[in-house]
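Down below is the structure, laid out as C-alpha cells.
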Amino acid sequence: MVERYVISIDQGTLSTRCILFDQQGRLVSVAQREHEQYYAKPGWAEHDPTEIWSHLRRTVVPRALEGAGVGPDRITAIGIANQRETTVVWDRRTGVPVCHAITWQDTRTSGYVERLRRTTGDDFFLERCGLSPTTYFSAPRLRWLFDHVEGLRARAERGEVLFGTMESWLIWNLTGGPDGGLHLTDATNASRTMLMNIRTLTWDDELLAYFDVPRAMLPEIRSSAECYGMARAPLPGVPICAALGDQQAALFGQTCFACGEAKCTYGTGSFLLLNTGTELVRSRHGLLTTVGYQIGDEPAVYALEGPIAVTGSLVQWFRDRLGLIHSAPEIETLARGVEDNGGCYIVPAFSGLFAPHWRSDARGVIVGLTSYITRGHLARAVLEATGWQTREVVDAMNADSPRPLRQLKVDGGMTSNNLLMQFLADVLDMPVVRPMVSETVSLGAAYAAGLVSGYWPDLEGLRRNWHRAAQWMPTMDPARREAEYENWRRAVERSLGWARP
C-alpha cells in the first residue's frame, strides 16, 4: 500500500515552513524559508505578503515534497497555521496587496487604542468579542489603513479590496487568487480581529459599525476543520481541510482537548492557552477570551490566553543588537557560568507589555546593574525574563479559572534550553513537560486536517500519538522563589512607570 501524508503549512512571524507528517504524527520532511522584516518607523512592523506567497509556492512546498520523495498525489490534506492578527488588504481583481501587511507586533495604533479605552471603555468590546482594545488586534489596524490610504474605504465598500489575516491570504491564493480564489477565515483567526461576536461566531454588526468596516471586504467565517476547497498550484487537487491561528494550532497539536489542559509555545513571543471547554470564560485578570478550535459543526471550544510579546526575540536582541553571543544556543552556556542573576532583572517591553498588563506605553528596563554584573548575569536575566512573564500569566489564569494549573505542556524553539525549562518549573512550582514532536503548531494544523479527511479517526487517536520527551520538576526553595518574584514585580513597575509621571 502506498503511504500517504498530511501536509502542514505554518506561516509564522519570521518564516514560512511546510512539514509532511505520517499517521504516527512523525515529521517526514520539512522545508522553511525566512522572509524580510520591515521596520519603517519606531513601533512599526510589516511583512510583504507577496514575498510570503512566492516563497510558499516556489520554494517551501516543492522542497518539502522533494524531501519526502513524493508528489501532490500522495498528500491527503492540507492544514494551515498562521501568525494571527497580522492584517492584509489586497485588490480582488489583481491580487496585489494595497500595502505591506501590518503585523501583530506593530504598535502604530496605540494612540487610537488609548482613545477607544477612554471614550468607550473595555466592557463594550469584552461583551461582544471577548477582547479589550489593544494594538495587538486587527480591527484598529484596519481602521488605521482606512485613515491613511486614500480611497481605501470606498474601494472596500464596493467590494474591490479584500481583508484577511495570513491564512485568508494563503487560502485565496492557493485556490486560484484572482481566478476564483476562496475568501474565508476560520473561527480562531476571526476571534482575533475584534470584529467577530465571540458567542455566535459571526461578524458583529455593532463592531463593524464601530470600526466602520464594510462587510463586503470580509472573509466568510468557517470552522477550523472542514473541507474548504481544492488547492491549485503548488498542490493541485489536494483538499484544504483546516486553518487555525498558530497558537490554537499548538493547543491542538499538544492534544489539550480537555477542559483545564494548557500549553505554552515559546517562540518570538510566547503564548499560554488554557482549554475552558465549551464554556466562554470572561477574564477578570488581564487575559483574552478566544476560540480554541471548532471541528466541523461541533460546538466551539474556548480558551483563555495570555500572550507575552517578547521572549525568543529578547535572545535575538542579546545576540544581534548587543553582540554578546554569536548564536542563540550560546546563551544557555553563558548563563550557566554564573549561579544566579546577580540581582539583575530585564523587563523586555520592546512593544509595550501584553498580558496581564496591556500597556503599550511600557518600555524595556534593566534593573539592578552594578559593577559586579557580567555578561553571564545578563544572559541569565534574559532567560529568567521569560520565566517571570510566564509566572504572571499563570497567576492570572489561576485567578480566572476554577481549576488551577497542575502541569504545563511546552513547545517551540526555546524549549531546547534546559536551563530555561528548569527555571520555568521552579518559578511556576509545577511540572513542565515537552513532547517528542516539538513542531506542535504545524502538527496541530495537520491533525485538524487529518481528522476531516479521515487520515486520523478521532481525538483519542491523536492523544495516542502524543509522547513525552522531557519533564522538569520544581526544585527551588519557595522563600527564594517568592522573594525573586517580588523583585521582578518591582522591575515591572519601573517599566510601567517609564512613560508616565
Side-chain angles (χ1 to χ4, degrees), residues 107 110 114 132 134 264 266 269-270 272 283-287 306-315 317-318 321-322 324 331 334-335 338-400 404-405 408 414 419-420 422-430 432 474-501:
T107 60
S110 59
E114 286 302 313
S132 298
T134 76
C264 192
Y266 290 94
S270 294
L272 204 161
S283 175
R284 302 290 181 180
H285 298 87
L287 303 177
I308 304 168
V310 176
T311 53
S313 56
L314 182 60
V315 177
W317 169 81
F318 192 74
R321 298 296 187 182
L322 299 189
L324 295 177
I331 196 166
L334 188 58
V338 294
E339 292 185 0
D340 53 36
N341 63 17
C344 181
Y345 297 84
I346 298 177
V347 182
F350 296 163
S351 301
L353 288 174
F354 283 8
H357 305 285
W358 297 110
R359 286 279 297 273
S360 60
D361 61 338
R363 291 295 179 269
V365 297
I366 302 177
V367 175
L369 281 180
T370 66
S371 58
Y372 170 72
I373 296 299
T374 67
R375 64 189 190 121
H377 295 108
L378 289 173
R380 200 167 187 107
V382 164
L383 296 180
E384 290 182 356
T386 292
W388 294 125
Q389 289 182 101
T390 305
R391 167 71 185 270
E392 288 187 309
V393 169
V394 168
D395 281 357
M397 226 160 241
N398 286 337
D400 276 329
L405 289 183
L408 183 64
M414 295 186 80
L419 178 63
L420 172 59
Q422 181 59 57
F423 187 73
L424 274 175
D426 286 338
V427 299
L428 299 180
D429 194 28
M430 69 176 67
V432 170
T475 59
M476 185 182 288
D477 174 71
R480 175 191 165 195
R481 178 179 63 241
E482 296 311 308
E484 291 200 27
Y485 188 35
E486 182 61 29
N487 290 338
W488 163 262
R489 287 187 289 192
R490 289 173 180 165
V492 171
E493 290 175 3
R494 298 274 190 93
S495 171
L496 295 173
W498 188 89
R500 293 177 178 174

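As the structure is a prediction and not an experimental result, all values here were calculated from the model. Here, residue 1 is the first one in the sequence, and each next residue gets the next number.
Closest approach of Leu353 and Ser495 over heavy atoms only: CD1-OG, 3.9 Å. Between Gly368 and Ile373, the closest heavy-atom pair is O-CG1, 3.9 Å. Closest of all the heavy-atom pairs between Val310 and Gln389 is O-NE2, 3.2 Å. Heavy-atom minimum distance, Thr374 versus Val338: OG1-CG1, 4.1 Å. Across all non-hydrogen atoms, the minimal contact from Leu324 to Arg375 is O-NH1, 2.7 Å. Between Gln422 and Thr475 the shortest heavy-atom distance is NE2-OG1, 3.5 Å.
Under 4.0 Å is where a charged nitrogen must lie from a carboxylate oxygen, and between Glu482 and Arg391 at least one such pair does. Salt bridge present: Arg490 and Glu486 bring a charged side-chain N and a carboxylate O closer than 4.0 Å.
Judged by distance alone, with hydrogens and angles left aside, the side-chain atoms of Glu114 form no donor-acceptor pair with the main-chain N or O of Ser360 at under 3.5 Å. Between the Trp358 side chain and the Gly286 main chain, a donor and an acceptor come within less than 3.5 Å of each other.
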Next item on the list: Verify side-chain contact (heavy atoms from CB on, under 4.5 Å) between Val347 and Val367, making sure each step is shown before the conclusion.
Entry: CA-CA 8 Å; Val347 182; Val367 175; 5.7 Å; no

Note to self: Determine whether Leu408 and Leu272 satisfy the following criterion, side-chain contact (heavy atoms from CB on, under 4.5 Å), listing intermediate values before the conclusion.
What the structure shows: CA-CA 9 Å; Leu408 183 64; Leu272 204 161; 4.1 Å; yes

Checklist line | Trace of the side-chain contact (heavy atoms from CB on, under 4.5 Å) decision for Thr386 with Leu314 | finding: CA-CA 9 Å; Thr386 292; Leu314 182 60; 5.7 Å; no

Margin query: Between His377 and Tyr372, is the side-chain contact (heavy atoms from CB on, under 4.5 Å) condition met? List the steps.
Written below: CA-CA 9 Å; His377 295 108; Tyr372 170 72; 3.5 Å; yes

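Rounded to the nearest 0.5 Å, atoms CG (Asp400) and CG (Asp395) are 11.5 Å apart. Note that CZ of Phe318 is 5.0 Å distant from CD1 of Ile331, once rounded to the nearest 0.5 Å. Once rounded to the nearest 0.5 Å, the distance linking CZ of Arg380 with CG of Leu419 reads 5.0 Å. Taking CG of Leu378 as the reference point, atom CD1 of Ile366 lies at 6.0 Å (rounded to 0.5 Å). Summarising the geometry, atom CG belonging to Asp426 is positioned 9.5 Å from atom CD belonging to Glu484; distances are rounded to the nearest 0.5 Å. Note that the CD atom of Glu392 and the NE2 atom of His285 stand 13.5 Å from one another [nearest 0.5 Å].
Judged as a salt bridge (Lys or Arg N to Asp or Glu O under 4.0 Å), and not counting sequence neighbours, the contacts of Asp429 are Arg481.
Using bins of under 30°, 30° to 60° and over 60° for the plane-to-plane angle, the ring pair Trp388/Phe423 lands in the perpendicular bin.
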